[in-house]
Amino acid sequence: MKLINRETNNSCYNIIKEYKGGFSARFWQTVAWIVGSSLKQDYDPSGPDAEMESIVREVAQMYGRS
C-alpha cells in the first residue's frame, strides 16, 4: 500500500473510492483495519520509510530506471 502511495501519490483508499465508490472503500478499509493495517497509509521517504526508499532506488538503478 505504501508503494502504491509512493508511485501514485494517492492512498489505496482514495483509489478504491474513485473507481468503486465510497461504500466499497469503507468496506475494504474495515477489512484492512481488522487485520491490523490501513488503506490510508502515507509514504514518507525521509521518515519511517527511508529504508524502503533506499531499496526501491537501488532496485530501480539495477534495472536502469532512475
Side-chain angles (χ1 to χ4, degrees):
M1 288 180 275
K2 287 189 175 233
L3 291 176
I4 290 171
N5 184 273
R6 177 187 186 271
E7 292 297 316
T8 65
N9 203 24
N10 208 352
S11 70
C12 289
Y13 179 85
N14 288 336
I15 293 170
I16 294 170
K17 185 176 178 184
E18 182 178 336
Y19 288 101
K20 294 289 190 175
F23 178 79
S24 187
R26 285 188 297 276
F27 171 79
W28 289 111
Q29 173 62 15
T30 302
V31 171
W33 179 78
I34 289 170
V35 297
S37 191
S38 173
L39 297 177
K40 298 179 180 181
Q41 296 180 42
D42 287 329
Y43 183 79
D44 183 7
S46 60
D49 302 319
E51 187 174 357
M52 187 184 309
E53 180 67 17
S54 172
I55 293 167
V56 168
R57 288 182 185 266
E58 186 177 323
V59 169
Q61 189 175 22
M62 281 179 9
Y63 290 99
R65 299 180 182 138
S66 295

In this structure, would [X] and [Y] fall into the same cluster of hydrophobic residues linked by side-chain contacts under 4.5 Å?
X     : Y     : answer
Ile55 : Met62 : yes
Val31 : Met1  : yes
Tyr43 : Ile4  : no

Original post:
Rounded to the nearest 0.5 Å, how far apart are CD of Gln41 and CG of Leu3?
Top reply: 10.0 Å
Original post:
Under the salt bridge (charged side-chain N to carboxylate O under 4.0 Å, His left out) rule, what pairs show up with a residue in residues 6-15, not counting sequence neighbours?
Top reply: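 Only Arg6-Glu53 qualify under salt bridge (charged side-chain N to carboxylate O under 4.0 Å, His left out).
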Would you give me the side-chain donor-acceptor pairs under 3.5 Å for residues 16-29, sequence neighbours excluded?
| unit_1 | atom_1 | unit_2 | atom_2 | d |
| --- | --- | --- | --- | --- |
| Arg26 | NH1 | Gly22 | O | 3.4 |
| Gln29 | OE1 | Leu39 | N | 2.7 |
| Gln29 | NE2 | Ser38 | OG | 3.3 |

Subject >> Asp49 backbone acceptor or donor facing Asp44 side chain under 3.5 Å >> reply: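 No, Asp44 side chain to Asp49 backbone: no donor-acceptor pair under 3.5 Å.
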